[in-house]
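Chain letters run A, B, ... following the sequence lines, proteins first, then strands; residues in each count from 1.
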Amino acid sequence: MKTTIHQLSAFAGQEVTLSGWVYHSRHSGKVAFIVLRDGTGLCQCVIEKGKIQDDLFDQLVRLGQESSLSLSGIVRVEPRSPGGHELAVTAASIVCPTQDYPITPKEHGVEFLMKNRHLHLRSQRPWCIGRIRHTVIDAIRRFFNDNGFTLVDTPIFTAAAGEGEQTLFSVDYFGKPMFLSQTGQLYLECAAMSFGKVYCFGPTFRAEKSKTRRHLTEFWMVEPEVAYIDLPGLLELAENFVSSVVKRVLKDNRPELETLGADIAMLEKIEPPFHRLTYTDAADILTSSRTVQFMAEQLEQFKSQKAALEKQLADIETADKAGGLKQWQKDKNARLQIELRAELDELNIKIENNPKHAQLASEFKWGKDLGGSDETIISLMHDKPVFVTHYPREAKAFYMKTDRDNPKVVQNFDLLASQGFGEIIGGSVREDDLQYLLKRIEEEGYNPQSYEWYLDLRKHGSVPHGGFGLGVERTVAWITNERHIRQCIAFPRMMDNVCI
RNA sequence: UCCCCGAUAGCUCAAUAGGUAGAGCGAGCGGCUGUUAACCGCUAGGUCGUAGGUUCGAGCCCUACUCGGGGAGCCA
């Protein structure tokens with residue numbers, strides 16, 4: 001009976017065949033353990049000498065990591081196996097033996113793993129993240145489809161910029177310059193006037209020269225756009241949406257979250273309402289003594305962690321020098337030292353960045369856009385996601401609706417994910433008044449003729465409307481507690497590094 | 001565009017004040033009936049990123065370049 005590891009619990013006591021790849025293997029004389037990976041999970045398979053032919057046993061024992069094979073045997077409950085069941089092997093057929101698989105069950109550097117991304121995808125971490133990404137995307141579609149939204153696929157080739165002077169990738173379109181889309185928003189606004197509630201979902205492209213853990217040049221974004229909605233309505237939509245996505249992941253991918261070491265307690269707190277701050281509130285917080293103290297406390301915490309690590313390292317060294325250690329103790333210490341040094345490196349980066357970020361915050365002036373470090377500070381101070389609303393008009397795109405009560409600000413919002421992750425959503429109410437919009441286009445120095453069709457929307461039955469964009473990789477990184485979003489897409493495109 | 005850090009064995013990292021290059025993992029061979037990144041013994045594996053320079057002597061100091069990492073700006 002052919003089955004998959006995921007369904008093994010239904011076959012306890014029965015004979016089944018699993019097909020997959022060797023994830024780990026170890027053997028001790030007459031018994032061998034192959035941890036088999038089949039794309040649905042991991043299962044320990046036990047091969048006892050005498051239960052199968054001797055030459056087959058020898059071949060199985062010699063199989064390298066990631067060799068492909070099928071194993072048949074009796075399923076039995078075994079808590080020591082990764083999935084809770086193991087296979088007592090009675091027959092095996094080797095499909096393709098492997099030698100010198102480059103990714104060993106040890107730590108590897110970023111560069112090495114990226115160059116081996118085609119193989120690295122098979123490892124546990126990328127696999128868990130990939131599964132969660134799948135759930136996130138399914139939950140996104142589910143949420144909008146279940147809430148009366150119509151999917152509209154907006155074009156990827158676009159003639160004009162969506163927002164301001166952002167850098168776009170240009171392509172040669174039969175001799176004419178065209179650009180890769182960085183948002184479907186302007187098109188969505190048209191569609192919202194037809195369907196009422198719409199969304200688009202696809203890859204988006206930014207030629208920003210950003211080399212940080214939060215940036216890719218190609219990433220996936222979902223953008224809802226709704227007719228007859230105001231800012232409070234948008235915030236409510238966004239918090240319900242994000243909460244439903246997190247809930248789905250908690251429901252469908254708990255084992256993956258556990259394997260990844262995600263902060264499940266934090267995720268369980270994600271439900272409406274989220275915190276709401278205005279930009280002015282945020283600016284006040286950043287320049288307050290509270291932030292000075294917060295940053296100082298954080299620095300102290302980092303420093304004491306660093307001191308503890310250094311002491312641990314020094315202790316190991318003195319123990320080594322003192323001699324008299326057994327070989328296995330020395331080996332263990334060597335391993336520990338490497339781990340501790342890596343932790344120390346991370347801490348040193350944090351210690352180096354902290355004063356810079358504290359200074360940026362203290363020098364914050366009303367009118368500037370919130371920087372990445374500013375967002376980090378605000379979100380670190382909250383255990384739930386935070387909406388920041390009403391940014392200065394000058395710092396934002398022309399299409400955002402000027403607040404009629406305070407024309408210095410626009411009716412927009414960013415959603416900062418909790419625990420220092422930073423922005424995952426940016427959105428706004430759109431300017432629906434033709435005169436206001438024309439004025440903004442003029443202020444930005446754009447040519448109104450390029451926006452003729454967009455302006456038409458304000459002439460023919462204009463209504464209050466708005467929407468937002470959510471970055472899929474950033475959301476996945478936040479949920480999975482993965483520090484870099486390049487791990488949250490199968491084949492990442494980064495500013496100056498496209499490996500595969 | 002700007003700032004900081006790094007490059008030593010296949011991989012991850014050491015090398016105390018310039019003085020003959022080390023460990024773990026991986027690979028190969030052998031041992032072990034229950035292992036969980038198993039364990040034990042042995043073996044192989046390096047023109048220290050590239051090019052110059054200082055020095056009796058450079059992995060270590062200086063200059064330039066290449067590649068990588070983190071961050072600022074900008075953003076999802």
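The distance between atom CG of A:L42 and atom C1' of B:A37, rounded to the nearest whole Å, is 13 Å. Rounded to a whole Å, the NZ atom of A:K356 is 9 Å from the P atom of B:C5. Taking atom CG on A:L340 and atom P on B:U12, their separation rounds to 18 Å, with Å as the unit.
Screening A:Q487, A:E482, A:H120, A:E256 against A:R125 for a side-chain hydrogen bond (donor to acceptor under 3.5 Å, both in side chains) leaves a single residue, A:E482.
Closest of all the heavy-atom pairs between A:S379 and A:G422 is OG-N, 3.8 Å.
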Let me have RNA chain B in dot-bracket notation, would you? Count Watson-Crick plus G-U wobble pairs, both distances under 3.5 Å, and use [ ] for pairs crossing earlier ones and | for inter-strand partners. (((((((..((((.....[..)))).(((((.......))))).....(((((..]....))))))))))))....
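Nucleotides B:G57 and B:C40 place their C1' atoms 42 Å apart, quoted to the nearest Å. Here, B:A15 and B:G6 have their P atoms 12 Å apart, quoted to the whole Å. Between the C1' atoms of B:A14 and B:C25, the separation comes to 14 Å (whole Å).
Applying the salt bridge (charged side-chain N to carboxylate O under 4.0 Å, His left out) rule to pairs touching residues 214-223 of chain A yields nothing, sequence neighbours excluded.
Considering only residues two or more places apart in sequence or on other chains, A:H275 meets the ring pair (Phe, Tyr, Trp, His ring centres under 6.0 Å) condition with A:H382.
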Detail all sub-3.5 Å separations between protein N/O atoms and N/O atoms belonging to nucleotides 25-28 of chain B.
none

Detail all sub-3.5 Å separations between protein N/O atoms and N/O atoms belonging to nucleotides 34-36 of chain B.
residue : atom : partner : partner atom : Å
B:G34   : O2'  : A:R80   : NH1          : 3.2
B:G34   : O6   : A:R76   : NH2          : 2.8
B:G34   : N1   : A:E86   : OE2          : 3.1
B:G34   : N2   : A:Q44   : NE2          : 3.3
B:G34   : N2   : A:E86   : OE1          : 2.9
B:U35   : O2'  : A:R26   : NE           : 3.0
B:U35   : O2   : A:R26   : NE           : 2.4
B:U35   : O2   : A:R26   : NH2          : 2.4
B:U35   : N3   : A:Q44   : OE1          : 2.8
B:U35   : N3   : A:Q44   : NE2          : 3.3
B:U35   : O4   : A:Q44   : NE2          : 2.8
B:U36   : O2   : A:R80   : O            : 3.1
B:U36   : N3   : A:R80   : O            : 3.0
B:U36   : O4   : A:R80   : NE           : 3.4

Could you give the side-chain donor-acceptor pairs of residues 41-65 of chain A under 3.5 Å, partners two or more places apart or in another chain?
residue : atom : partner : partner atom : Å
A:Q44   : OE1  : A:R26   : NH2          : 3.3
A:Q44   : NE2  : A:E86   : OE1          : 3.0
A:Q65   : NE2  : A:I103  : O            : 3.1

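Each of B:A14, B:G70, B:C74 was ranked by its minimum atom distance to the side chain of A:R214; first place goes to B:C74.
Taking 4.5 Å as the limit, every side-chain heavy atom of A:C128 sits out of range of all side-chain heavy atoms of A:T480.
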